[in-house]
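Read through the structure below, which is laid out as structure tokens, and then see the notes.
Order of listing sets the numbers, starting from 1, for every ligand and every atom in it. Since this is a predicted model, take the numbers as computed values, not measurements.
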Amino acid sequence: MFKKILIANRGEIALRVIRAASELGIRPVAIYTEPDENSLHVQKAAEAYSVGGIKGYLDMERILAVAQAHSIEAIHPGYGFLAENAEFARLCQQNGIQFIGPTATAIETMGDKVLAKKSLAEAGVKVITGSDGVLWDEAEACLIAEKIGYPVLVKAAAGGGGRGMRVAYNEDELIKGFRAATSEAKAAFGNGAIYLEKFLENPRHVEIQILADNYGKVIYLGERECSIQRRHQKLLEEAPSPAVTEELRRQMGKVAVKAAKAVGYTGAGTLEFLLDKRQQFYFMEMNTRIQVEHAVTELVTGIDLVKEQIRVAAGEPLRYRQEDVKIRGWAIECRLNAEDPCRDFMPSPGTITDYHQPGGFGLRVDSIAHSGYTILPYYDSMIGKLIAWGENRDEAINRMYRTLDEFTIGGIATTIPFHKTVLQHPAFRAGDIDTDFIARYGIIGLISQKVPVDDDGSSNYRTFRLKINDLYWEVDVADC
Ligand code: MV4
């Protein structure tokens with residue numbers, strides 16, 4: 001096992017990895033930029049080194065120099081920043097440092113969405129019907145669209161996460177969408193390559209977590225339901241998915257394992273699928289990093305994914321067989337962002353003036369926030385993650401609602417009112433969710449145009465009567 005690893009990240013995920021390393025008897029080493037100098041991840045690490053200004057977490061040369069100077073054996077990239085940068089993974093390897101993640105080649109393959117699709121289709125994985133490669137002009141796109149049938153979706157090969165995507169219901173929209181997506185992809189990724197897919201209407205986003213060692217063993221750890229998203233930003237995730245039966249889980253798991261084996265994948269990874277109303281699932285993308293929402297899988301499987309990433313990277317064989325993996329109970333995660341759901345999720349950076357964190361049975365809080373902590377405008381706006389476990393979905397929902405109610409975060413706006421509204425929504429409680437959930441029920445409007453019916457006189461909480469599908473129901477939301 002490693003003696004010392006460096007965590008090339010900040011915030012809650014840096015602390016998450018520090019915790020795993022400490023428990024494994026590994027010395028965790030932090031890096032930090034100027035504005036993060038007093039951050040909790042720096043205080044809790046055994047050693048910490050500056051990597052300069054705001055962009056320091058992306059400075060590959062400087063991070064590797066720190067690693068070389070302080071006998072670092074391995075680097076954990078967390079998520080974001082350098083986590084899916086094949087060049088960085090390769091540089092680590094060339095400098096004799098273990099990158100805690102898959103090989104540079106695997107990152108590269110999955111980073112190219114067309115190549116990823118092609119590789120997995122060849123391995124026998126069902127992918128969404130589309131152009132079998134990159135399209136270079138509108139005429140070709142129109143021909144392919146006629147063949148697969150409208151509506152179609154224009155996607156960027158270098159994309160992912162929904163950037164550079166356009167829906168087209170006819171040829172006219174396709175030509176416009178093709179042009180728009182090309183220039184958007186060029187600007188965002190420096191690569192304007194475009195491909196086409198049949199557009200699936202209102203699917204669920206269901207992803208499968210896998211773990212693979214260096215000896216060809218791959219297991220799946222069930223699924224996560226991630227359909228509650230706004231502008232391709234996940235806000236609330238759960239495991240298992242209310243839509244997935246044991247049989248479907250086995251099918252999706254087998255496909256995910258087959259795919260991982262086909263590309264020689266190692267470490268922790270996630271295969272994203274779209275699941276349609278007929279329970280058909282299609283591969284969409286593979287994420288080659290630990291994901292923000294990994295904790296819901298940890299709570300229902302009892303397996304520490306970050307520790308397993310470190311163990312596998314150190315050359316240890318997987319400690320679990322597929323039959324050892326059991327799903328127990330239900331877990332929900334709410335992302336607490338410094339964004340104002342009452343003002344179209346406008347970022348709300350600033351200093352937390354008042355902070356009280358909830359607790360109790362079945363709750364996990366992954367955050368570096370505290371009273372006096374400042375959410376910086378330069379980095380992502382996540383304050384932390386609340387993850388609630390329950391024996392079943394109802395208990396997990398009730399527990400999450402209770403903990404959101406206990407949470408005090410003063411001085412900045414947060415996504416707490418959004419989560420409370422979703423958790424009380426009858427469709428959500430019925431497990432009836434898909435990627436159109438927020439739009440279909442006008443959740444954002446519900447929060448900002450609420451009609452107060454009962455003001456209990458306290459300054460923080462009010463009850464509102466909301467009308468959904470001709471039904472009135474009452475919700476409590478924090479005052480916006
Ligand atoms: C799709 C799709 C429907 N059909 N592809 C969005 C993010 C990117 N990873 C791919 N996405 C989608 N791809 C086909 N062929 C619908 C979406 C999509 C979506 C997917 C997952 C979660 C939320 C979403 C919201 C809108 C669209």
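A salt bridge does not link D380 with R10: every distance from a Lys NZ or Arg NE/NH1/NH2 to an Asp or Glu carboxylate oxygen is 4.0 Å or more.
Numbered from 1 in the order shown, with element, the atoms of ligand 1 that lie under 4.0 Å from a heavy atom of K198 read 4 (N), 14 (C), 15 (N). Atoms of ligand 1 lying under 4.0 Å from at least one heavy atom of L274, given by number and element, are 1 (C), 2 (C), 3 (C), 4 (N), 5 (N), 13 (N), 14 (C), 20 (C). Listed by atom number, the atoms of ligand 1 under 4.0 Å from E197 heavy atoms are 5 (N), 14 (C), 15 (N). Interface of K155 with ligand 1, defined as ligand atoms under 4.0 Å from a residue heavy atom, comprises 1 (C), 5 (N), 10 (C), 13 (N). Set against the non-hydrogen atoms of F199, the atoms of ligand 1 under 4.0 Å away are 3 (C), 4 (N). Taking every non-hydrogen atom of I128 and a distance limit under 4.0 Å, the qualifying atoms of ligand 1 come out as 14 (C), 15 (N).
When heavy-atom distances to ligand 1 are checked against a 4.0 Å cut-off, E285 comes that close only through its side chain, counted from C-beta outward. Counting heavy atoms under 4.0 Å from ligand 1, residue L200 touches it through both backbone and side chain.
With hydrogens and angles left out, the side-chain atoms of E207 and T270 include no donor and acceptor closer than 3.5 Å.
The closest non-hydrogen atom to atom 25 (C) of ligand 1, taken over Q233, H205, R230, H232, comes from H232.
Both tests do not hold together for R289 against F99: distance to the six-membered ring centre under 6.0 Å, angle to the ring axis within 45°.
Ring geometry for Y57 versus F81: interplanar angle of 30 to 60°, hence tilted.
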> T415 and R335: side chain to side chain donor-acceptor pair (under 3.5 Å), yes or no, with the steps?
Replying inline: CA-CA 8 Å; T415 44; R335 296 191 190 189; over 6 Å; no
> Checking side chain to side chain donor-acceptor pair (under 3.5 Å) for the pair T245/E247: CA distance, chi angles, key distance, verdict?
Replying inline: CA-CA 5 Å; T245 60; E247 175 52 27; over 6 Å; no
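In this structure, E201 falls outside the shell of residues with a heavy atom less than 4.0 angstrom from ligand 1.
In this structure, F437 has its ring center closer than 6.0 angstrom to the ring center of H425.
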